[in-house]
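This report concerns only the one structure given below.
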Amino acid sequence: MKASPEAQRRLLDLQAVDTALAQLAHRRKSLPELAEIEAVARELSALEDERVRAQVAVDDLDRDISRFEKDIEQVRTRKDRDQQRLNAGGALREIEGLQHEMATLNRRQSELEDAELELMEQRESAEAALSEVQGRINAANERRTAAERRRDEAVADITKEQEFKTSSRAPLAADLPGDLVGLYDKIRAESGLGAALFRSGRCGGCRIELYGADLNRVKSAAPDDVVRCEECRRIMVRTAESGL
Ligand SMILES: [Zn+2]
């Protein structure tokens, strides 16, 4: 293939833009915020499980407490009824029976109230555990929101740079011969690098150093010959910097 030395030199400008675009695309995919957001999401998922367990513990205790309250209420109702019957008076045997039942009911009420108190203390701890988990969830959510904001800012900056680079690429490519750009794009599609400066006897793509006949092949090539590296097949652009 033939292309003017000037066109070949400008191929390096195009490669510089493409390299910058590739770096921007890589930066966009590997933003530290993305890993951070993923880590917080995993943390939140674990915390949510913890929160559900803590809520279940509180709900279970609430149910147990209200069952005790119903039982206590029943004992109180029974005691009120017995008291009314006692107040109404009656046969001695009947009164003794009621008094015995009242004593039993009092013991029962006291046992139930002690047990309920115990549960209410447990509920207080369970409630504290729940609000502690909720606090950690809130903090993680804040961290996620902050990381998402930083990610969005970084992505917006990268997008702006990508748009800028893309708009400068179009006229560069349009000014070059179509077959040269076609070859360049084909090589670049495989390794990201289509053309590189030949300098100090080295291919700028794979860094291999040329000697003897190989070096002479480059040296003796016509200025408008498009020379490619035997090793990596990239276009070796010769300029005044090449030291040939
Ligand atoms: Zn090479």
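Just follow the structure's listing: the first ligand is 1, and inside any ligand the first atom is 1.
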Contacts of type side-chain contact (heavy atoms from CB on, under 4.5 Å), residue Arg85, not counting sequence neighbours: Arg81, Asp82, Glu94, Leu98
Cluster partners of Leu130, using ILVMFWY side-chain heavy atoms under 4.5 angstrom, listed by chain and number? Val58
With 2.8 Å as the limit, jot down which protein N, O or S atoms are around the Zn ion (ligand 1). Cys203 SG, Cys206 SG, Cys229 SG, Cys232 SG
How is the hydrophobic cluster of Phe68 composed, in terms of its other members, when Ile, Leu, Val, Met, Phe, Trp and Tyr link through side-chain heavy atoms under 4.5 Å apart, directly or indirectly? Leu61, Ile65, Ile72, Val75, Leu105, Leu112, Leu119, Met120
Residue among Arg143, Arg150, Arg151 satisfying side chain to side chain donor-acceptor pair (under 3.5 Å) with Glu36: Arg150
Which of these, Ile235, Asp18, Thr19, Ile187, sits in a side chain to side chain contact (heavy atoms under 4.5 Å, CB included) with Leu193? Thr19
Show the nearest heavy-atom pair for residues Lys165 and Ala20, with the distance to one decimal. CE-CB, 3.8 Å
